[in-house]
Amino acid sequence: MKLFKSADLLHFELINLKKQGYSIGFVPTMGALHHGHLSLIQRAKAENVSVVASIFVNPKQFNDINDLKRYPKPIEKDMDMLIRAGVDYLFLPEERDIYYQDYLDIEIPLGGLDLILEGEQRPGHFQGVVKVVKRLFEIIKPNRAYFGQKDFQQTVVINHLVNQFFPELKIVVCPIIRESNGLAMSSRNAQLSHIEREKSSFIYKSLLKLKERSNFKSLDECLQTTAKYLSSIDGVTLEYLNAVNGDNLKLVNNLNDADYIVVVVVVKFGGVRLLDNVIIKSH
Ligand code: AMP
């Protein structure tokens, strides 16, 4: 695995590869890697000649300074995992290569997708995400980029970005990888105690139950039942539970409202925000 810290050097290396006809798959991450990240890399390896991964803990997408301070940064372990996963290039950008002059002041139009759900809870989060991802796409110019369904809203926002600025780039969304008890893998799970981690299985279980119930009860009723249940669990704060049109994030109350429906949930448990989602209806 070749390690690059300079955006210019990586850019020229990859331009040369592309001139030779090599396809490039790109997996952006914030490090603290787990099997969820590795699944994206495996998919990228299967579909491209060369795979580039990046690790950049983007301060602009953290609206809580304590969350940023607590975010794990085990770089040696991450590099080891990436080498074993067969990544060809690792990009560890310097902040100055990502945030150059005036870049932070420019709003990237996202059609309001950045202002709802996670965007409402974490103002500025998606502007922070797309600014970094846009810059990474400009440097790397991949053929395909890989994102997890785990951060479902992020995939919709990135697709919006790509439609505007990178029409040639294909976004590949990969399924959620879960721990054995059903908890969606996340770098933040390390902040849970052993017992909290075990107990967190209630999130996915309640989503599966909701999906099952939606076969014979109205979606609205199912959402209300699940919201009531989640709010009743000791130590849990429900931030939101919504069914959305998976193409445009508009809220839906009824299975007939859209062809593609995703139920998204965020709870705070053990001091950690835990995100999950389940596809209720697919295209
Ligand atoms: P992060 O390092 O948290 O920014 O995540 C980097 C990429 O890995 C994002 O596209 C995430 O959606 C994806 N990812 C994180 N956790 C999982 C998971 N449990 N399953 C699948 N993809 C994931």
Side-chain angles (χ1 to χ4, degrees), residues 25-47 51-64 67-68 70-75 77-79 81-82 85 87 90-93 98 113 117-118 122 125-137 140 142 144-162 169-192 197 200-201 203-204 207 246 249 262 264-267 272-279:
F26 174 44
V27 181
T29 82
M30 296 205 302
L33 303 177
H34 50 68
H35 287 287
H37 298 108
L38 294 184
S39 72
L40 271 52
I41 287 165
Q42 276 161 11
R43 179 85 178 263
K45 274 189 74 70
E47 296 178 353
V51 173
V52 183
S54 66
I55 297 179
F56 181 65
V57 183
N58 172 18
K60 303 292 179 233
Q61 72 185 67
F62 286 81
N63 48 336
D64 175 354
D67 188 24
L68 175 60
R70 281 196 304 170
Y71 204 84
K73 297 175 192 74
I75 187 66
K77 186 169 163 237
D78 284 350
M79 283 179 55
M81 283 171 83
L82 293 173
V87 164
L90 170 60
F91 184 32
L92 294 175
I98 298 292
L113 294 171
L117 303 168
E118 277 302 277
R122 305 174 68 187
H125 168 72
F126 286 114
Q127 281 295 327
V129 171
V130 291
K131 276 172 190 161
V132 170
V133 170
K134 180 170 182 282
R135 184 77 188 112
L136 289 170
F137 286 168
I140 292 163
R144 298 178 193 83
Y146 295 79
F147 290 85
Q149 171 78 12
K150 156 84 185 355
D151 299 285
F152 171 67
Q153 184 173 3
Q154 175 169 276
T155 65
V156 180
V157 167
I158 297 289
N159 267 317
H160 192 85
L161 173 83
V162 164
L169 170 57
K170 181 166 166 41
I171 297 300
V172 181
V173 179
C174 303
I176 301 177
I177 303 297
R178 299 180 177 280
E179 300 192 5
S180 55
N181 68 354
L183 174 66
M185 285 192 182
S186 163
S187 308
R188 287 188 178 85
N189 293 354
Q191 295 168 23
L192 294 168
R197 207 156 162 155
S200 301
S201 62
I203 305 169
Y204 186 46
L207 287 179
L249 301 182
V262 181
V264 289
V265 68
V266 176
V267 298
V272 185
R273 287 184 87 243
L274 299 170
L275 282 75
D276 206 343
N277 66 78
V278 68
I279 299 171

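Counting starts at 1 for both ligands and their atoms, in listed order.
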Any Val264 side-chain heavy atom under 4.5 Å of Gln153 side chain: no

Validation row: His160, Phe126 side chains within 4.5 angstrom (heavy atoms): no

Sub-4.5 Å side-chain heavy-atom contact between Phe91 and Phe26: no

Test: Arg70 and Asp64 ion pair at under 4.0 Å: no

Residue pair Ile75 / Leu92, side-chain heavy-atom distance below 4.5 Å: yes

Ser186: side-chain contact (heavy atoms from CB on, under 4.5 Å) partners, not counting sequence neighbours: Lys150, Arg188, Asn189

Protein N/O near ligand 1 N/O, under 3.5 Å, which pairs?
unit_1, atom_1, unit_2, atom_2, d
ligand 1, 2 (O), Met30, N, 2.9
ligand 1, 2 (O), His37, NE2, 2.9
ligand 1, 5 (O), His37, NE2, 3.4
ligand 1, 10 (O), Gly148, N, 2.9
ligand 1, 12 (O), Gly148, N, 3.2
ligand 1, 12 (O), Gly148, O, 3.3
ligand 1, 12 (O), Asp151, OD2, 2.6
ligand 1, 16 (N), Met185, O, 3.4
ligand 1, 19 (N), Ile177, O, 2.9
ligand 1, 19 (N), Met185, N, 3.4
ligand 1, 19 (N), Met185, O, 2.8
ligand 1, 20 (N), Ile177, N, 2.9

